[in-house]
Amino acid sequence: EAGVTQSPTHLIKTRGQQVTLRCSPISGHTSVYWYQQALGLGLQFLLWYDEGEERNRGNFPPRFSGRQFPNYSSELNVNALELEDSALYLCASSLGARQPQHFGDGTRLSIL
Amino acid sequence: GENVEQHPSTLSVQEGDSAVIKCTYSDSASNYFPWYKQELGKRPQLIIDIRSNVGEKKDQRIAVTLNKTAKHFSLHITETQPEDSAVYFCAAIRGNQFYFGTGTSLTVIP
């Protein structure tokens with residue numbers, strides 16, 4: 001069974017640019033979660049999508065947004081990039097809320 | 001909102017000894033508590049989880065205990081091995097709310 005896949009693995013951007021990160025969940029999983037992990041820090045919850053709808057978002061500004069497609073894959077968009085957006089962005093999927101989340105390898109985003 | 005505190009932030013143990021990591025949470029409605037292990041440069045992996053209707057769960061050398069009254073839960077690793085060295089994260093989940101602890105860096109010294 002294929003796990004959660006994310007692309008790209010690495011990205012380098014400059015301040016003010018926009019970026020799109022992609023995530024494919026495990027087959028059969030309808031929930032997709034996005035987390036930000038800054039260097040040396042814990043996981044900060046960004047967004048949760050289930051059945052194509054945004055179910056909840058963490059304490060992040062509106063320039064962090066995303067969507068979930070009919071095939072349950074998801075995109076995370078970040079506009080007007082700032083230096084502090086440099087982090088590992090992790091996607092996870094699950095069968096639903098309060099079900100084990102399985103993580104992808106993440107996208108390492110560096111802002112210059 | 002929920003607040004999850006995790007202690008200690010770093011932990012070193014001799015191979016074969018036990019390791020205990022503790023998390024406290026503030027929202028009494030939290031009802032699902034997973035633990036993740038993240039090795040350097042790798043994805044977090046679920047190692048064990050517990051739901052609020054259970055007080056303890058064990059899987060080989062790993063166990064988790066939950067005290068709902070005191071609102072804390074702990075990860076216990078017995079007979080530690082060098083490959084247990086990693087960062088461990090706890091989480092408290094309630095409905096559509098997901099909160100992770102800040103992580104514990106565990107080093108097992110051979």
Side-chain angles (χ1 to χ4, degrees), chain A residues 1-7 9-10 21 23-26 29-51 53-60 66 68 87-108 110, chain B residues 1-10 21-25 27 29-54 57 59 62 64 66 73 75 86-106:
Chain A
E1 174 186 271
V4 177
T5 58
Q6 291 186 242
S7 63
T9 54
H10 294 86
L21 312 181
C23 172
S24 292
I26 291 172
H29 286 190
T30 61
S31 280
V32 171
Y33 313 80
W34 287 96
Y35 294 91
Q36 181 194 66
Q37 187 176 34
L39 192 62
L41 297 179
L43 295 162
Q44 300 296 319
F45 167 66
L46 264 166
L47 290 159
W48 171 36
Y49 292 95
D50 184 63
E51 297 284 0
E53 300 285 332
E54 181 181 304
R55 301 298 183 183
N56 198 20
R57 64 179 293 128
N59 189 24
F60 281 84
Q68 186 178 34
L88 179 68
Y89 289 84
L90 289 161
C91 171
S93 75
S94 75
L95 290 169
R98 290 178 289 128
Q99 296 298 319
Q101 296 182 21
H102 301 267
F103 284 83
D105 287 328
T107 294
R108 175 73 62 187
S110 299
Chain B
E2 175 66 281
N3 182 38
V4 177
E5 293 189 3
Q6 184 172 345
H7 299 281
S9 56
T10 59
I21 302 169
K22 183 175 175 179
C23 286
T24 59
Y25 61 99
D27 188 345
S30 292
N31 53 17
Y32 175 55
F33 308 91
W35 284 90
Y36 288 86
K37 174 185 180 182
Q38 187 175 26
E39 297 177 65
L40 191 62
K42 296 191 176 181
R43 67 179 73 183
Q45 290 198 308
L46 179 71
I47 55 172
I48 197 166
D49 56 7
I50 193 167
R51 298 186 186 275
S52 58
N53 58 346
V54 176
K57 185 176 178 181
D59 183 3
I62 294 173
V64 56
L66 172 64
F73 55 111
L75 177 70
V87 177
Y88 291 82
F89 293 97
C90 64
I93 295 173
R94 172 182 76 93
N96 63 353
Q97 307 289 333
F98 312 97
Y99 299 93
F100 279 75
T102 50
T104 296
S105 178
L106 173 64

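Lettering follows sequence order; numbering is per chain, from 1.
Residues satisfying the side chain to side chain contact (heavy atoms under 4.5 Å, CB included) criterion with B:T24, sequence neighbours excluded, are B:E5, B:K22, B:H72.
Heavy atoms closer than 4.5 Å to chain B are found in the side chain of A:L90, but not in its backbone. In this structure, chain A has no heavy atom under 4.5 Å from any part of B:P34.
Looking at heavy atoms from C-beta onward, B:F100 lies out of side-chain contact with A:Q37 at the 4.5 angstrom threshold. Under the 4.5 Å side-chain criterion, counting only non-hydrogen atoms from C-beta, A:Q101 is in contact with B:F98.
Every pair passing salt bridge (Lys or Arg N to Asp or Glu O under 4.0 Å) that includes a residue from residues 92-103 of chain B is listed here, sequence neighbours excluded: B:D27-B:R94.
The heavy-atom pair separating A:G104 from B:R43 by the smallest distance is O-CB, 3.1 Å.
Ranked by heavy-atom pairs shorter than 4.5 Å toward chain B, the options A:S31, A:G96, A:G42 are led by A:G42. Ranked by heavy-atom pairs under 4.5 Å with chain A, the first of B:K42, B:R51, B:Q45 is B:R51.
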